[in-house]
Each structure stands twice: as structure tokens, then as C-alpha cells.
Number of protein chains: 2
Amino acid sequence: MAEIRTPNRPIYRQVAEQIAEEIEAGILPADARISSERELAERYGISRMTARAAINILVQRGLIVRRNRSRAYVAQPKFRFDLSSPGGLHEQLRKAGVEPGAKLITAEMLPYDALSPRVAQALALDDEETFVYHIVRVRTANGEPIALEDSYFPAHLFPDLLDFNLTDSIYGILRKYFGVEPAGSVQELEISLLDAEWAEIMGVAVDLPTLEIWRQAFTADNAPFEFAHDIYRGDRILFIARTASPESFLAGSGLLWQRALDNLQAEGA
Amino acid sequence: MAEIRTPNRPIYRQVAEQIAEEIEAGILPADARISSERELAERYGISRMTARAAINILVQRGLIVRRNRSRAYVAQPKFRFDLSSPGGLHEQLRKAGVEPGAKLITAEMLPYDALSPRVAQALALDDEETFVYHIVRVRTANGEPIALEDSYFPAHLFPDLLDFNLTDSIYGILRKYFGVEPAGSVQELEISLLDAEWAEIMGVAVDLPTLEIWRQAFTADNAPFEFAHDIYRGDRILFIARTASPESFLAGSGLLWQRALDNLQAEGA
DNA sequence: AAGTGGTCTAGACCACCAT
DNA sequence: TGGTGGTCTAGACCACTTC
């Protein structure tokens, strides 16, 4: 039986730190199987509930992932996603050598009446004859579910959108077949815990920390063409964002940004 | 004894939902005191550990706050913070009618040798004679700790910076006394759980969900003047961000943004 | 002094998964 | 079928807050 008890710091936290150190030191490499809760309890001479509390911390911190309702494994490094890049998640994953995918949950056409006021307002719709496409997808990276995307598109801008292969990049479809180039967006971000309902749909654990984004996307001629509510797993994704006041854009600091961003990305390697 | 057991959904989650509903319905208004864990256990006919699990969910979701190591109260609505606004947290809180404050934790001048490579690189320092100011503060809103700010400033740009009142807005000081206008930044965002060490400094519960930001800020002439590592409480803050490709700025879509942002803010009320 | 949250135990039962 | 995670219980002790 290993002995790690020291005063003051709770045991479950000490056990979590010990396991975290083993992960960071490479003793437990990515995808290594974590000992079962009962094994940990015996090894450290603690109760199973205490061992479980330790694992739960590491799951929430993203160091460990549970598969199904089965055992826990050391997590792979986080994916990187630039919130301010016009290229969407799909393109960014592909550029990073990760296989992006999507599982279609819902694809339907809704009449104006069925829209929430928020959606209608965000898409600047006031014609009661209008229809809107509603698409819900689980986004995956190397087959792993990493985000849920609940999006709305004005039907008159993208006729027969639902006939395309909606497991591809939707922004790619808009660009290729409809000539729509996303030029800007307004996003609202909230940190939250994954809802039981969404967790069920995504097939991951409830209560994982997530980044929720409500996004209003515009074309270059200032027309809103998408309203979306995205939920990203915070335990699997590292987010990047660039911000600036308009003046600095006019001063041509785009290059500076690119340099600085390259620095950040180089460091993350 | 109240009866709320139904099949399938775990009891602690049902109790959490019940309390959440009472909060949303206004039966438990902001600052109302939550029943003690033992009281809840008795009322619902469950064990104290189960009642405690229910409360923990609501604390992490930001609906409930624990004060000290004492009882739990219904949380006030979240503060709003626009990550892409050049105005910092201080100014934004003030505009929203909230009293911003800061508690100084550390204020020191460091030689080049003491800097981590990341700090030196972010500030574009290569002169080994250089000094850097290092300031750590706990940011508060209406007296409540909401963020921790760990920032570095090149000393040659801001001589005697430490002599100013560092519980004021630092950006305000830079602007007023040094004529430095922040023009842009590159930020890296990560969702994480609050570290025991930082939780201690901030005086809040460990493991709260947070937004960590590493920020490199630039003046209009592209000189980096700040590198900062901020930790924001996700349970108390709602974040907003605007993004766009440079082209849309040149096309003059700033007004559009302002309109869209106003919409978002109006809805949040 | 009484009450409270924070921690911990040693069991238990169940549904599900891998073998 | 045996092991696993998910849940739940009925206690316990401690440090601290509140009164």
C-alpha cells in the first residue's frame, strides 16, 4: 500500500495530483488505462468514494477521459481552435492533420412561426413567408465527439441546402455552391457545464466544462447568413482568439497579428 | 418529507433541478440563503452526501455561491465582459453600473534573467539590461472577487509604474500618464478549473470553472506593451467577443457590429 | 455552544461491459 | 460471469462560522 498522506490537503486531491504527475511525467502516456477505482482505493488505503473523487477532478480538468460508462484513460492532447479565424472548425482541424467529421442529428426546414424571437432577430427576418433551415450536428475530431452545433440558415439564401452532404463542412458548402464568404461575426461566449440532454446526444459525460457560443455570422455585404448555438468541450479543446480595435486594422497590423499568432502556435507544439 | 423520486435520473440531479427551478421561478431570489445540507437531506428523505452533490452541481453552474466555508446563497446575475473591446474590465464594469476594484497581491520589478521565455518573447525583449514590472491583482466587482490578473509591463515604457495606485484601472494609468492607447491584442483562451493555489489567493472555492486568457497587447505602432495571464470566474461572468476578417473592417462594418452587439446586450437584460 | 460545511469511511445495489 | 462505474446510505470527525 502506497503512503501519500500529508496534513491539510485533502486526500482525494493528493491522489489526483499524484496521478496528474504520472501523466505529465509520461509514466502514464496518452490512452493508457487508469487503474480502476477499487484498485486505487486498495493501493492508497482509502475508500472507493475518495478514489473516485480524485478521478473526477482529473476528468473535469481534461487529463482523463471516461469511455462509455466504462473505464478511464489518459486523454490525448487538446485540439486547437481559433475562434477568430474565418476558417471554421472543420478546416482548422484538417490543417492540423486531424480528421474532422460530423454526425447529423437534425436537418429540417422550419416556417417563420416556429422560430424563437432570438433566431428571427439574429437572421434579420421579418417576412412571415420565410423559411429557415435548422441543422443540428455533433462535430467530431478523429472520431471523438468534441462539439455540438445547433445552427439556422435562411432558406432563401441557400436553396436546397439540406440536399447536400451535411456531414461535410457547411461553410465549405456555402462557399463552394452558394458563393458565400463569411466575413465577420458577433459571438457571445459562456462557460457552462454540459447539460444531461446534450451529453446524451454527444455521447459524453454530463457536467464536463464547455464553452457555449452564440454566433451571428455576416457576409461581406453585411447580411446575416447564420445564427448558431455551439457547445464545445472545454476538456478537449484549447481556444485561440485575436481581437483588435478597427483602427489597428486600418493601420495594416494584420501582418503583426499573423506573426504573433504564429508565435503562440509554435509554443503550443 | 417531499417526494420527488422518479426512475432513471439520479436523485442528486433531481434535487438540483428542483432547486434550480425555484431559483429561476424567483421563489429563491438572489442572495437568498439555501437550506443547509442536513436540512435538505431531511426534507427530501435522502442522505447528506446526496444533498451535497446536488448543491455542488448548482455551485459549478453558477446558480449558487458558497461564502467562505459557510452557507450557500443564490447567486447574483452574471457580469458581462466584452473580450474584444479595447476598454478593459474596469471600464466595462463601471459603464454597467458596477463598482470595479482590485486587491494588489504582488508588485515588483524583475530583471531580464528572472523572466520566463514566454514573457520575454511576448514583450519582444532581447536586451539583458531590461527590467519588467510584474503585477498580480485580484479584480473585484461590487467587492466580489471575479478575476485574477498576472501581468508584465516593460519598465522602460512605463517608468515608476509601481508608484501609481495599482488598485485603479491600469489601462487607465497607461492612457492618462503614459499616453499609451491599447490598439490590439492576441489572446489565447482555455477553459479550466480553478487551481487550489489561485482559489486561495482569490478567496473562492477551488475547482470553479474559469476562463484563462494569455494576452499580448499592442500599441497602435505595433509595440507589445503588456503580457498578461488572466483567470476569470466562469460562474460569475458572461463573455462577449467580436471577430471579423480584416476585409470587413475596411468595408466599414463597424457600425453593423455595434448594432448586433446592442441586440445581444438588450436580450441579456 | 450549536450548527455548518469539508472530508472520509465501509459498506450496498444496480446496470452495463468485457471476457 | 465477474468486474466496472454510477449511485446512495448512515454514520463519523474536524475546523470553522455564527450566535
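Proteins get letters first, then strands, A, B, ... in listed order; numbering begins at 1 in each.
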Closest nucleotide of DNA chain C for A/T50 versus for B/S36: which of these residues is on the 5' side?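 That would be B/S36.
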Please round to the nearest 0.5 Å and tell me the distance separating atom CD of A/E91 and atom OH of A/Y171.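 Spacing of CD (A/E91) from OH (A/Y171) equals 10.0 Å.
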Rounded interatomic separation in angstrom, taking [atom1] from [X] and [atom2] from [N]:
X	N	atom1	atom2	value
B/N56	C/dG6	CG	P	7 Å
A/E42	C/dC8	CD	P	19 Å
A/R52	C/dA12	CZ	C1'	15 Å
A/I55	D/dG6	CD1	C1'	13 Å
B/I46	D/dC8	CD1	P	8 Å
B/R67	D/dC16	CZ	C1'	17 Å
B/I11	C/dA12	CD1	C1'	14 Å
A/D207	D/dG6	CG	P	12 Å

First encountered from the 5' end of DNA chain D, between A/R71 and B/P10: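 Per heavy-atom nearest nucleotide, the more 5' residue is A/R71.
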Quiz item: [X] side-chain donor-acceptor pair to [N] base, under 3.5 Å:
X	N	result
B/R48	C/dG6	yes
B/R66	C/dG5	no
B/R38	C/dG5	yes

Does B/R67, at its CZ atom, have more than 12 non-hydrogen atoms belonging to other residues, nucleotides or ligands within less than 6.0 Å?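 More than 12 within 6.0 Å, yes.
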Does [N] have OP1 or OP2 sitting under 4.0 Å from an N or O in the side chain of [X]?
X	N	value
A/Y12	C/dT7	yes
B/S70	C/dT4	no
B/S47	D/dG11	no

Regarding A/R118 and A/E188, does a basic nitrogen lie under 4.0 Å from an acidic carboxylate oxygen?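 Yes, charged N to carboxylate O under 4.0 Å.
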Do the ring centers of A/Y133 and A/Y152 come within less than 6.0 Å of each other?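 Ring-ring flag for A/Y133/A/Y152: false, centres at least 6.0 Å apart.
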Go through D/dC8, C/dT7, D/dG6 for me and flag the one nearest to the A/M49 side chain.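 That would be D/dC8.
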Which of these passes side-chain contact (heavy atoms from CB on, under 4.5 Å) with B/R52: B/T50, B/N56, B/I55?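 Option passing the side-chain contact (heavy atoms from CB on, under 4.5 Å) with B/R52: B/N56.
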